[in-house]
Engineer: 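Below is a structure I'd like to ask you about.
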Amino acid sequence: MITQTDLTRFQAVTSALLIRDLAAAKEISALQAATAAIPNLIVQLIGGHNPREVGTRLITDIADAVTRRLIAFAEEKLGAPPVPYLWLACGSQGRQEQTGTSDQDNCLILDNSYDAALHGAWFEGLARFVCDGLNECGYVYCPGDMMATNPRWRQPASVWRQYFIDWIMKPDPTAQMLASVMFDLRPIFGAEALFREVQAETLGLAANSPFFVAHMVGNSLKHAPPLGLLRGFATLKSGEHRHQI
């Protein structure tokens, strides 16, 4: 027998409610309590037969909200930022494809007036506070150190511009790997103009660089789909997941 209580309990966890709780959080423990409900949300999304892209986007919205709240906590602790900046997500968060076990991938673009001697400590403190907080909330540190705590990924816009130019003009294996991650950059908090100018130039340069495009296509072809003898998808022949890839 299905009761009204059963229906209420089933609908009790939604991304909107979790984001509301995150926006009102006053300390990291409240953020942890909200993200702890993500597995239940995933169960509900799957049980409701939601498309995969809907589920991953809703889960990513929660990660975005956690990140923004942590940045607000950091600014309360550190004071006003000395120069404009932009916090961005890359990887699965940047693509809005996060799942229940995604790590964190992030970076900072700083205004070109940034002076490491004068402003470096503030932004290092910001990066450490936010990345540590994300880890405490279940978004574990990136194994490849693609995080704002790495000075390489905490640079002025002019340096980021040169990064992308180098990756496009000299697409060696390392450049391909970095480009495949950093081309997914998505602004989360801050001065978005710092990114839009770099993005527009980068996309234009990439589109007019056949050598770079060829290398990226070649890299993608290394990941072959599971095809059978007659070039159809290879699926399981028996068991619970019969006919599934």
Side-chain angles (χ1 to χ4, degrees), residues 51-61 63-64 67 85-110 112 127 131 134 139-228 231-235 245:
R52 174 200 57 80
E53 62 271 17
V54 171
T56 56
R57 179 158 295 194
L58 291 175
I59 295 168
T60 304
D61 287 345
D64 292 354
T67 304
Y85 73 92
L86 178 63
W87 186 283
L88 306 98
C90 50
S92 60
Q93 186 181 1
R95 296 189 302 273
Q96 296 183 300
E97 293 180 349
Q98 284 204 303
T99 65
T101 57
S102 296
D103 64 349
Q104 57 174 288
D105 299 282
N106 46 62
C107 63
L108 277 167
I109 298 180
L110 311 175
N112 285 328
C131 290
L134 287 170
Y139 304 98
V140 298
Y141 298 121
C142 173
D145 203 20
M146 305 285 283
M147 299 181 296
T149 48
N150 183 339
R152 185 180 185 185
W153 310 126
R154 191 174 69 242
Q155 294 291 335
S158 59
V159 175
W160 278 99
R161 175 179 176 273
Q162 193 59 50
Y163 282 166
F164 282 108
I165 291 174
D166 290 344
W167 294 335
I168 292 170
M169 302 309 294
K170 295 177 282 188
D172 57 33
T174 299
Q176 292 175 37
M177 182 273 292
L178 292 172
S180 67
V181 175
M182 292 303 179
F183 269 55
D184 293 329
L185 283 176
R186 183 171 59 87
I188 300 297
F189 180 90
E192 293 193 19
L194 293 173
F195 173 64
R196 298 306 178 197
E197 295 176 5
V198 175
Q199 182 188 44
E201 181 181 12
T202 298
L203 294 178
L205 182 61
N208 291 290
S209 302
F211 187 58
F212 172 74
V213 174
H215 273 268
M216 293 297 285
V217 171
N219 187 52
S220 69
L221 292 176
K222 294 177 183 177
H223 305 280
L227 300 179
R231 308 300 291 172
F233 281 113
T235 60
I245 295 176

Engineer: Using only heavy-atom distances, determine whether the side chains of Gln93 and Asp64 contain a donor-acceptor pair under 3.5 Å.
Structural biologist: yes
Engineer: Specify the closest pair of heavy atoms between Tyr141 and Cys131, including all atoms of both residues, with the distance to one decimal.
Structural biologist: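 That would be CE2-O, 3.6 Å.
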Engineer: So do Ile109 and Tyr85 actually touch side chain to side chain, heavy atoms under 4.5 Å?
Structural biologist: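 A side-chain contact is absent here, since even the closest heavy-atom pair is not under 4.5 Å.
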Engineer: Within the structure provided, determine whether Asp61 and Gln96 are in side-chain contact (heavy-atom separation under 4.5 Å).
Structural biologist: yes
Engineer: Would you sort out whether Glu192 and Leu86 count as a side chain to side chain contact (heavy atoms under 4.5 Å, CB included), showing the intermediate values?
Structural biologist: CA-CA 6 Å; Glu192 293 193 19; Leu86 178 63; 4.2 Å; yes
Engineer: At what distance, to the nearest 0.5 angstrom, does CD of Gln176 lie from CZ of Phe212?
Structural biologist: 8.0 Å
Engineer: Does Arg186 CZ have over 12 foreign heavy atoms under 6.0 Å away?
Structural biologist: yes
Engineer: Do the rings of Trp153 and Tyr163 sit parallel, tilted or perpendicular, given the 30° and 60° boundaries?
Structural biologist: perpendicular
Engineer: Evaluate the side chain to side chain contact (heavy atoms under 4.5 Å, CB included) criterion for residues Thr56 and Gln98: first the C-alpha distance (whole Å), next the side-chain angles of each, then the deciding distance (0.1 Å), finally the verdict.
Structural biologist: CA-CA 5 Å; Thr56 56; Gln98 284 204 303; 5.9 Å; no
Engineer: Walk me through it: do Asn106 and Trp87 pass the test side chain to side chain contact (heavy atoms under 4.5 Å, CB included)?
Structural biologist: CA-CA 7 Å; Asn106 46 62; Trp87 186 283; 3.5 Å; yes
Engineer: What distance separates Asp184 CG from Ser92 OG, expressed to the nearest 0.5 Å?
Structural biologist: 9.0 Å
Engineer: Closest heavy-atom contact between Thr67 and Ile188?
Structural biologist: CG2-CG2, 4.0 Å
Engineer: For Arg161, does the CZ atom have more than 12 heavy-atom neighbours from other residues, nucleotides or ligands under 6.0 Å away?
Structural biologist: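 No - once you tally the heavy atoms of other residues, nucleotides and ligands closer than 6.0 Å, there are 12 at most.
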Engineer: Please report the shortest heavy-atom distance between Cys90 and Leu185, naming the atom on each side.
Structural biologist: CB-CD2, 3.8 Å
Engineer: As a quick check of understanding, evaluate side chain to side chain contact (heavy atoms under 4.5 Å, CB included) for Leu205 and Phe164, giving each step before the final call.
Structural biologist: CA-CA 9 Å; Leu205 182 61; Phe164 282 108; over 6 Å; no
Engineer: So, taking the atom named OG1 in Thr149 and the one named CG in Leu134, what distance separates them when rounded to the nearest 0.5 Å?
Structural biologist: 10.5 Å
Engineer: Got a second to check how far Leu88's CG is from Asp105's CG, nearest 0.5 Å?
Structural biologist: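 Separation between the atoms: 12.5 Å.
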Engineer: Is the backbone of Met147 close enough, under 3.5 Å, to the side chain of Gln104 for a donor and an acceptor to pair up by distance?
Structural biologist: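 Not at all, since once roles are kept as given, no pair shorter than 3.5 Å links the two residues.
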Engineer: Is there a donor-acceptor pair closer than 3.5 Å between any side-chain N or O of Trp160 and the backbone N or O of Leu108?
Structural biologist: yes
Engineer: Nearest heavy-atom pair of Leu110 and Arg154: which atoms, and what distance?
Structural biologist: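 Closest heavy-atom pair between Leu110 and Arg154: CD1-O, 4.1 Å.
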Engineer: Within the side chain of Asn112, is there an N or O that forms a donor-acceptor pair under 3.5 Å with the backbone of Ser158?
Structural biologist: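 Confirmed, Asn112 side chain pairs with Ser158 backbone.
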Engineer: Give me the atom names and distance for the closest heavy-atom approach of Leu194 to Ala157.
Structural biologist: O-CB, 4.2 Å
Engineer: Minimum heavy-atom separation for Leu178 and Arg152, please, with both atom names.
Structural biologist: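 Scanning both residues, the minimum pair turns out to be CD1-NH2, 3.4 Å.
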Engineer: Going from OG1 on Thr202 to CZ on Phe183, what distance comes out if it is rounded to the nearest 0.5 angstrom?
Structural biologist: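 Taking OG1 in Thr202 and CZ in Phe183, the distance rounds to 6.0 Å.
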Engineer: What's the spacing between Gln155 CD and Cys107 SG if we round to 0.5 Å?
Structural biologist: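 That separation rounds to 10.5 Å.
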